[in-house]
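I have placed the structure first, in the form of structure tokens, so that the comments after it can refer back to it.
These values consider heavy atoms only, across backbone and side chains, with no hydrogens, waters or symmetry-generated copies.
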Amino acid sequence: MDRIEHSSEAGSGECSGQLVENGGFYGDGRCYKQASPPRCGGGSRNTSPIGRAGSRNTSPSRQKVVKTKPRGLDEETLATFGKAVHADVLMEDSIWAMLPEDLLHEILARVPPFLIFRLRSVCKRWNSLLQDSSFLKFHSSVPSHGPCLLTFWKNSQIPQCSVFSLPLKAWYRIPFTFLPQWAFWLVGSSGGLVCFSGHDGLTFKTLVCNPLTQAWRVLPSMHYNQQRQLIMVVDRMDRSFKVIATSDIYGDKSLPTEVYDSKADSWSVHQIMPAVNLCSSKMAYCDSRLYLETLSPLGLMMYRLDTGCWEHIPAKFPRSLLDGYLVAGTQKRLFLVGRIGLYSTLQSMRIWELDHAKITWVEINRMPPKYFRALLRLSAERFECFGQDNLICFTSWNQGKGLLFDVDKKIWSWIGGCALQSYNNQCIATSA
């Protein structure tokens with residue numbers, strides 16, 4: 001992937017987050033500190049004086065403390081939230097100090113990118129190695145560590161970022177203080193790169209950064225430089241990335257689609273999206289195709305990155321669908337997630353997959369009622385949904401909790417213990 005050169009521009013920014021699969025970070029490394037993973041929270045405590053069965057003891061000295069669960073959560077949920085983060089395993093100096101150079105490279109290349117920061121403080125040898133451009137290039141070629149959740153927000157105008165590793169079941173803090181102080185928000189993350197868009201006080205800007213090397217650069221201005229709906233995609237084999245700009249977020253349908261190619265360092269102009277009424281600004285990208293939901297005509301709009309053309313897919317949505325989220329899976333899999341039911345007591349959360357041959361949505365799973373009720377209580381019916389690698393996540397980050405569904409294993413599980421909660425944070429899925 002083209003290396004992102006360090007820029008010295010400055011400005012001021014805003015908060016965001018996303019789910020992504022951990023990919024290699026590209027570019028030259030620069031050392032900075034990493035905070036240790038925050039501990040997960042536990043359940044609340046009830047100190048009401050309850051005595052033995054059939055009687056009540058009100059004596060403070062003989063009160064029995066009874067642990068209770070948060071409202072709307074069952075025992076399984078409480079147990080998940082209460083899991084402690086495992087302590088770091090001590091490494092034997094006599095073993096690691098004598099490792100051959102090539103073997104050390106192989107081992108460290110398999111360390112998730114968000115843990116590289118902590119290893120730099122082990123010794124001068126590791127610090128030098130982990131910032132070497134040839135090692136970083138080798139690190140990016142190693143298979144992905146696995147899917148992660150990335151949250152981004154601003155605390156007292158200071159950018160904050162945390163990554164939750166699904167394989168390690170732990171949160172890790174990533175410094176983002178190197179970004180300019182602009183009013184920006186998160187676009188997406190892929191292959192170890194993070195994309196933002198916003199204003200520097202004068203014009204609309206698109207910025208791509210590498211958290212591992214703390215390098216960032218502002219992309220050239222678009223031909224029609226307005227605030228647009230953006231999505232970033234990374235080609236690991238070609239070591240390049242592209243940013244797709246669709247319609248104006250305020251509904252201007254006269255703007256052509258533009259695509260930025262990092263290899264050419266320029267934007268190319270493509271077909272204008274046909275006149276449609278979009279359901280939402282949420283987009284899903286899979287198999288070199290970009291999908292958006294439309295109300296009129298009903299179905300999906302699909303943009304082909306290889307041809308630069310739009311086409312309509314008449315895939316009708318399920319009846320009584322209240323809110324639908326498009327989620328990209330592996331290969332050609334495209335999911336639709338949403339609530340069904342006109343009355344809150346009869347609602348349910350369901351997941352469909354698009355049958356590309358029959359152009360129909362096929363139901364593949366339903367959220368168990370206990371999880372659905374807990375999600376609605378925690379989020380006050382205001383939640384986000386996104387996915388990566390056949391994993392679908394529901395979040396209410398002002399509560400610091402999330403619900404994860406593994407499409408392949410058909411397993412539902414809770415995620416808790418977000419490092420910091422903010423009302424206006426954003427979350428995405430990515431890979432590391």
Side-chain angles (χ1 to χ4, degrees), residues 13-25 27 29-42 81 83-89 108 111-122 126-127 130-131 136 139 145-181 184-186 188-190 192-196 207 209-216 388 393 395 397-402 404 415-432:
E14 206 171 83
C15 79
S16 59
Q18 176 174 1
L19 169 64
V20 292
E21 183 184 348
N22 291 344
F25 291 87
R30 295 184 59 187
C31 179
Y32 61 105
K33 295 182 179 179
Q34 152 102 15
S36 58
R39 298 190 179 185
C40 302
F81 288 159
K83 287 184 179 179
V85 178
H86 297 290
D88 293 338
V89 178
L108 294 180
V111 175
F114 45 81
L115 291 179
I116 291 292
F117 310 115
R118 305 173 68 183
L119 297 182
R120 285 175 173 168
S121 61
V122 172
W126 283 26
N127 182 44
L130 296 176
Q131 298 184 73
L136 294 175
H139 185 279
H145 158 73
C148 295
L149 305 181
L150 183 145
T151 63
F152 185 86
W153 69 98
K154 299 198 78 174
N155 184 17
S156 301
Q157 296 304 311
I158 300 176
Q160 305 283 343
C161 179
S162 291
V163 172
F164 182 82
S165 168
L166 294 175
L168 299 180
K169 304 297 183 184
W171 285 97
Y172 299 91
R173 188 72 58 81
I174 297 180
F176 265 86
T177 54
F178 62 90
L179 291 178
Q181 295 299 305
F184 53 74
W185 53 92
L186 183 67
S189 175
S190 181
L193 301 179
V194 184
C195 181
F196 298 93
L207 180 149
C209 71
N210 183 333
L212 184 61
T213 65
Q214 296 191 359
W216 59 275
Q388 176 81 30
C393 189
T395 63
W397 292 113
N398 60 317
Q399 297 293 330
K401 303 175 181 68
L404 186 70
I415 298 173
C418 183
L420 288 175
Q421 292 88 45
S422 172
Y423 176 77
N424 60 347
N425 66 356
Q426 295 175 279
C427 183
I428 58 175
T430 186
S431 58

Counting C-beta onward and ignoring hydrogens, is there a side-chain heavy-atom pair between [X] and [Y] closer than 4.5 Å?
{"X": "V163", "Y": "P211", "value": "no"}
{"X": "F184", "Y": "L207", "value": "no"}
{"X": "I174", "Y": "L150", "value": "no"}

How close do [X] and [Y] get, counting heavy atoms only, and between which atoms?
{"X": "W171", "Y": "L149", "result": "CZ3-O, 4.4 Å"}
{"X": "C393", "Y": "L404", "result": "CB-CD1, 4.0 Å"}
{"X": "F178", "Y": "C209", "result": "CE1-CB, 4.0 Å"}

Inset, instruction - Have a look at L130 and tell me which of L136, V122, I116 forms a side chain to side chain contact (heavy atoms under 4.5 Å, CB included) with it. - result: I116

Inset, instruction - Enter the distance from L179:CG to Q214:CD here, rounded to the nearest 0.5 Å. - result: 9.0 Å

